[in-house]
Amino acid sequence: MIQFGHVDKIYASGEMRVHALRDVTLHIDEREFVSIMGPSGSGKSTMMNVIGCLDKPTSGTYVLDGIDIGSASSKQLSVVRNQKIGFVFQNFNLLKRTSAIENVELPMLYAGKSRKERRERAEYCLELVGLKDRMHHKPNELSGGQQQRVAIARALSNDPAIILADEPTGNLDSVSSEEIMGIFKQLNDEGNTIVLVTHEPEIAAHTNRIIWFRDGKIESDRLNTERVFV
Amino acid sequence: MNMGELLKLSFRSLQTNLLRSFLTMLGIMIGVATVIAMISIGQGTNDQVTSQIQSLGSNLITVTASSSSGQGGTGSDVTLKLADADPISKIDTVKYVAPVMQATGQFKNGANLASTSVIGTTPSYADIKSWETDIGRFFTEDEVTDKAKVVVLGATTAENLFGKAGFDAIGSIVKINNIPFRVIGVLKSKGSSGSADLDDTAIAPITTVQSRFQSGSSRNAIRQILVEAKSPNAIQSTMALMEYTMRQSHKLGSGEDDFKVQSQEDVLSSAESVTKTLTLFLGGVAAISLLVGGIGIMNIMLVSVTERTREIGTRKAIGAKEGTILSQFLVESVTLAILGGVIGVLLGFGGSKLVGNMMSIKTAISLNSVLLAVGFSACIGIVFGVFPARKAAKLDPIEALRYE
Ligand SMILES: Nc1ncnc2c1ncn2[C@@H]1O[C@H](COP(=O)(O)OP(=O)(O)O)[C@@H](O)[C@H]1O
Ligand SMILES: [Mg+2]
């Protein structure tokens, strides 16, 4: 599903050169539930941006679901983001003054799906995250946990190959965090591939595989035995 | 995303900042309103001038002095004289000839005063100008020959001097510049044309006006000679013959003309060109305000792009193409501009009606000018919307998502 081969990411702004990713080689298979951990500035977000095709590797190869991302045009990348990837952000990034269901419909709108299809799928996704009764609420009428559930529904709407979440519980209290992790777990059980970034060991504990980053390099990559063998 | 969805999106975004959207449209609104008002008032004035000139008489040709100041020059420079009318009247295709002289007159009837210009002319003047008397009669050729002190009053002048009824005017003596004149007729009202009251006039034999009100070196000078040709087809040939005759009697070679022969059409087209120039000039002023309006739109769209950086980042992250973002913002600026344009058209139309009523000008609005104004607004929306929209489309999604 995800294949990184000796990926480097270098940010060059004027004199400064930041080596954000160094020689990252990695495989993530379908149906995996992976967490990425590591200290601040270790390259986790950069990793997520490259996986999510918001950014291209400076060198190395990245193949997503059989597509060579390194040679894709920016237009092709937006199609890949739309079709293959579902993003969940730390600060939700829902559109203001736009109802939950319209937020969920947005990726399908960009995909050119019909009104009817969008509506049905959006309702289904919101039901999946337990928010069908709130679908006409605006983001500012929802709690943080609820907003993040809407964001997850939006990420699911185009049935992506992979769901990416950069610190999805970073802005949530522990109860909401548990709820969100419960939803991710359920989605993974249903066959979705999920990669998330987190600082918190208790969040990472829900996942099957934990990758540690330090200074842009993979420090460790191990299965979460506790969970896998429970 | 199709057009309907883009429009829905842009209306929603314009709605959330209703006051700002309105203020942004204001520039375009005022610009378009001015254009529409100017064009419709200009068109109205033009139509009016045309009908006014046409009301002067049909198949009309005028002879005026070309080089002079005042009435046909002064002293030895007098170029248009009463005597010039005679040879012209001998031309076959000429129906009527009326030399015209003009003087200002202070009218007095007992305690009633009036001040208006006295036109000195011959009886043909009434035929050329289709003046009819309401009561009494016009003066005769004999009275012209006799330099009779008789006067025919316009309806307004008669009312000023004799009150509403005016019947007792006939036969009364009024003083014009302290010289007693007998009133022999009151003209039928022609109403007003624009701001000019056609009835505020008085007509007397040209010989009388010349001997009583003209003095010194300009005594022989006349203002113009009015000529009516027998038919519209004869106008061109009559004009040529008139020029020939005038040159003969003035003993001039060609190119030395000290007079000007103009048909009504010439006057009409020169008047039209004046109003056209005016319309064009005011149109230019309006275009500048439209330009300013366009810059206002660009300014607000740039602010809007900055404010919505995160939204743009989010949209790009979930798969919006550059083109889609571009169209989103472009549709928004064009919607603003067109909306401003349409409101401007309505305002301009209302405004011109108002001004027209106040100045008693008929305004005319053409579908063309409306389409032009709205089309122009749309262009402004595109031209000034492209830059902000491109800026939005080119945003780097990662940077945009990180924007606070
Ligand atoms: N756009 C950028 N320009 C320059 N440096 C950057 C940019 N984005 C990230 N970095 C640098 O790359 C390194 C990794 O950052 P990041 O991936 O955000 O770390 P993390 O998410 O693990 O905290 C940091 O040193 C950061 O300063
Ligand atoms: Mg980070």
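Naming: A, B, ... by sequence-line order, numbering from 1 per chain.
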Determine, stepwise, if the pair B:Thr16 / A:Lys96 fulfils side-chain contact (heavy atoms from CB on, under 4.5 Å). CA-CA 10 Å; B:Thr16 58; A:Lys96 281 180 262 175; over 6 Å; no
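Heavy atoms from other residues, nucleotides or ligands lying under 6.0 Å from NZ of A:Lys217 number 12 at most. Heavy-atom neighbours of A:Tyr11 OH from other residues, nucleotides or ligands within 6.0 Å: above the threshold of 12. Within a 6.0 Å sphere centred on CZ of B:Arg20, heavy atoms belonging to other residues, nucleotides or ligands number more than 12. The environment of A:Arg214 atom CZ is sparse: at most 12 non-hydrogen atoms of other residues, nucleotides or ligands sit within 6.0 angstrom. More than 12 heavy atoms of other residues, nucleotides or ligands shown are found within 6.0 angstrom of CZ on A:Arg119. Heavy atoms from other residues, nucleotides or ligands lying under 6.0 Å from CZ of B:Phe376 number 12 at most. Heavy-atom contacts from other residues, nucleotides or ligands closer than 6.0 Å to CD of A:Gln186 number more than 12. Summarising the local packing, CG of B:Asp396 is surrounded by more than 12 heavy atoms from other residues, nucleotides or ligands at distances under 6.0 Å.
Taken to the nearest 0.5 Å, the CD atom of A:Gln90 stands 12.0 Å off from the CG atom of B:Leu401. In this structure, B:Ile398 CD1 and A:Thr46 OG1 are separated by 8.0 Å, a value rounded to the nearest 0.5 Å. Between the NZ atom of B:Lys316 and the CG atom of A:Asn82 there is a distance of 14.0 Å, given to the nearest 0.5 Å. B:Asn2 CG to A:Leu109 CG: the interatomic distance, rounded to the nearest 0.5 Å, is 8.0 Å. To the nearest 0.5 Å, the span separating CG on A:Asn91 from CZ on B:Arg402 amounts to 12.0 Å. Atoms OG1 and CD, on A:Thr98 and B:Glu311 in that order, are 7.0 Å from each other to the nearest 0.5 Å.
Scanning all heavy atoms of the two residues, the minimum distance from B:Gly319 to A:Tyr110 falls at O-CB, 4.1 Å. The shortest non-hydrogen separation linking B:Ala317 to A:Phe89 is CB-CZ, 3.8 Å.
The closest side-chain heavy-atom distance from B:Glu322 to A:Ser78 is not below 4.5 Å. Put simply, the side chain of B:Ile318 does not reach to within 4.5 Å of the side chain of A:Ile85, judged on heavy atoms. Residues A:Glu102 and B:Arg12 have side chains in contact (heavy-atom distance under 4.5 Å, counting atoms from C-beta outward).
With respect to A:Arg118 and B:Glu5, a salt bridge is recorded, a charged nitrogen being found less than 4.0 Å from a carboxylate O.
A:Leu95 touches chain B through its side chain: at least one heavy atom from C-beta onward sits under 4.5 Å away, while N, CA, C and O do not. Neither the backbone nor the side chain of A:Gln76 has a heavy atom closer than 4.5 Å to any heavy atom of chain B.
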